[in-house]
Asks: 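Please find one structure pasted underneath; my questions will follow.
Just so you know, ligand 1 is whichever comes first in the structure, and atom 1 is the first atom listed for that ligand. Residues: numbered from 1 along the sequence shown.
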Amino acid sequence: MGALIEASRICKRYNQKSNNMELKETSLSIEKGKIYVIEGKSGAGKSTLLNILGGMEKPTSGKVYYKGKSFYDLKDSDQAAIRGEKYGFVFQSFQLIPELTVKENIELPLIFTNRQEKMDKIAELARHLGIENQLHKLPDFLSGGEQQRVA
Ligand SMILES: Nc1ncnc2c1ncn2[C@@H]1O[C@H](COP(=O)(O)OP(=O)(O)O)[C@@H](O)[C@H]1O
Ligand SMILES: [Mg+2]
């Protein structure tokens with residue numbers, strides 16, 4: 001079976017004028033149902049690699065394929081649909097919206113992707129994650145681990 005996500009010779013240089021390559025040329029393939037670990041010292045480029053694989057940062061060169069399609073060559077709305085419906089991404093700093101309650105934070109991506117039918121699953125999911133009593137709180141009033149589970 002083909003790879004779900006494939007990176008072909010990607011690299012990243014944040015500043016076009018600098019010689020410093022923040023992510024050196026990397027190729028890898030991600031298969032369905034497997035768990036991967038990315039290891040490297042701080043500043044090695046792990047987050048950069050994840051942001052590129054996660055469809056949020058265009059590589060300076062190289063291609064990322066999602067189910068065989070070159071992700072960054074798709075039009076913006078197609079990229080957004082894959083990010084919204086196919087990818088899950090827990091940010092290092094969670095990126096919860098401070099003005100919205102926990103429940104509203106969880107609902108937000110479902111609104112963007114028009115998936116109201118999933119709303120009734122929130123209570124069940126919250127129970128599974130042990131945050132069922134936090135749903136009406138603002139993220140600032142949660143512990144770090146609880147915020148991570150909301151994300
Ligand atoms: N948005 C950015 N603009 C400029 N440089 C960045 C940016 N993000 C990360 N870097 C630099 O790229 C290198 C790799 O960063 P990062 O991918 O966050 O490393 P890691 O997650 O492995 O600790 C670091 O030297 C960092 O300073
Ligand atoms: Mg990092």
Asks: Report the relative orientation of the aromatic rings in Y66 and Y87; use parallel for angles under 30°, tilted for 30 to 60°, perpendicular for over 60°.
Replies: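 Y66 vs Y87 ring planes: perpendicular.
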Asks: Mark up the atoms of ligand 1 that fall under 4.0 Å of a heavy atom belonging to S42, in ascending order.
Replies: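 Reading through ligand 1 atom by atom, the close ones are 23 (O).
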Asks: I'd like to know if the side chain of N51 reaches the main chain of M56, judged simply by a donor and an acceptor atom lying under 3.5 Å from each other, with no hydrogens or angles considered.
Replies: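 Pair absent, no side-chain N/O of N51 close to backbone of M56.
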Asks: Would you call F89 and Q95 a side-chain contact if the rule is heavy atoms closer than 4.5 Å?
Replies: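 A side-chain contact is absent here, since even the closest heavy-atom pair is not under 4.5 Å.
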Asks: What closest approach, in Å, do R13 and T60 show between heavy atoms, and which atom pair accounts for it?
Replies: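 Scanning both residues, the minimum pair turns out to be N-OG1, 2.8 Å.
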Asks: For atom 19 (O) of ligand 1, what's the nearest protein heavy-atom neighbour? Residue, atom name and distance, please.
Replies: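 Atom 19 (O) of ligand 1 sits closest to the protein heavy atom G45 N, 3.3 Å.
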Asks: Please write down residue, atom name and distance for the protein heavy atom closest to atom 9 (C) of ligand 1.
Replies: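 Protein heavy atom with the smallest distance to atom 9 (C) of ligand 1: Y14 CE1, 3.5 Å.
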Asks: Using atom types as modelled and distance alone, determine if a side-chain donor or acceptor of S70 lies under 3.5 Å from a backbone N or O of K63.
Replies: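 Checked: no pair found.
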Asks: Just to confirm, does any protein heavy atom lie below 4.0 Å from atom 27 (O) of ligand 1?
Replies: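 Given the 4.0 Å cut-off, atom 27 (O) of ligand 1 does not count as touching protein heavy atoms.
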Asks: Which ligand 1 atoms are under 4.0 Å away from a heavy-atom of S47?
Replies: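 By the 4.0 Å cutoff, the relevant atoms are 17 (O), 18 (O), 20 (P), 21 (O).
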Asks: Protein non-hydrogen atoms only, distance under 4.0 Å: does atom 4 (C) of ligand 1 have such a neighbour?
Replies: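 When distances to the protein are checked, atom 4 (C) of ligand 1 has a heavy atom within 4.0 Å.
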Asks: Sub-3.5 Å donor-acceptor pair from the side chain of Y72 to the main-chain atoms of G62, do we have one?
Replies: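 Here the side-chain-to-backbone pair does not exist.
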Asks: Does S47 put an N, O or S atom under 2.8 Å from the Mg ion (ligand 2)?
Replies: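 Under 2.8 Å: S47 contacts the Mg ion (ligand 2) through an N, O or S atom.
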Asks: Quick one: side-chain hydrogen bond (donor to acceptor under 3.5 Å, both in side chains) partners of R9, sequence neighbours excluded?
Replies: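 Scan of R9 (side-chain hydrogen bond (donor to acceptor under 3.5 Å, both in side chains), adjacent residues dropped) gives E25.
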Asks: Do me a favour and list the nearest non-hydrogen protein atom to atom 23 (O) of ligand 1 with residue, atom name and distance?
Replies: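 The closest one turns out to be G43 N, 2.7 Å.
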Asks: Within the distance-only criterion (no hydrogens, no angle test), does the side chain of K46 pair as donor or acceptor with the backbone N or O of I38 below 3.5 angstrom?
Replies: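 No; zero donor-acceptor contacts below 3.5 Å.
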Asks: From the options L23, N51, T48, select the one whose nearest heavy atom is closest to atom 17 (O) of ligand 1.
Replies: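 Considering heavy atoms of L23, N51, T48, the nearest to atom 17 (O) of ligand 1 sits in T48.
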Asks: Assess G40 for proximity to ligand 1: is some non-hydrogen atom of it under 4.0 Å away?
Replies: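 Judged by the 4.0 Å heavy-atom criterion, G40 does not count as contacting ligand 1.
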Asks: Are any of the N/O atoms in E22 less than 3.5 Å from those in ligand 1?
Replies: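 No - when backbone and side-chain N and O of E22 are compared with those of ligand 1, no distance drops under 3.5 Å.
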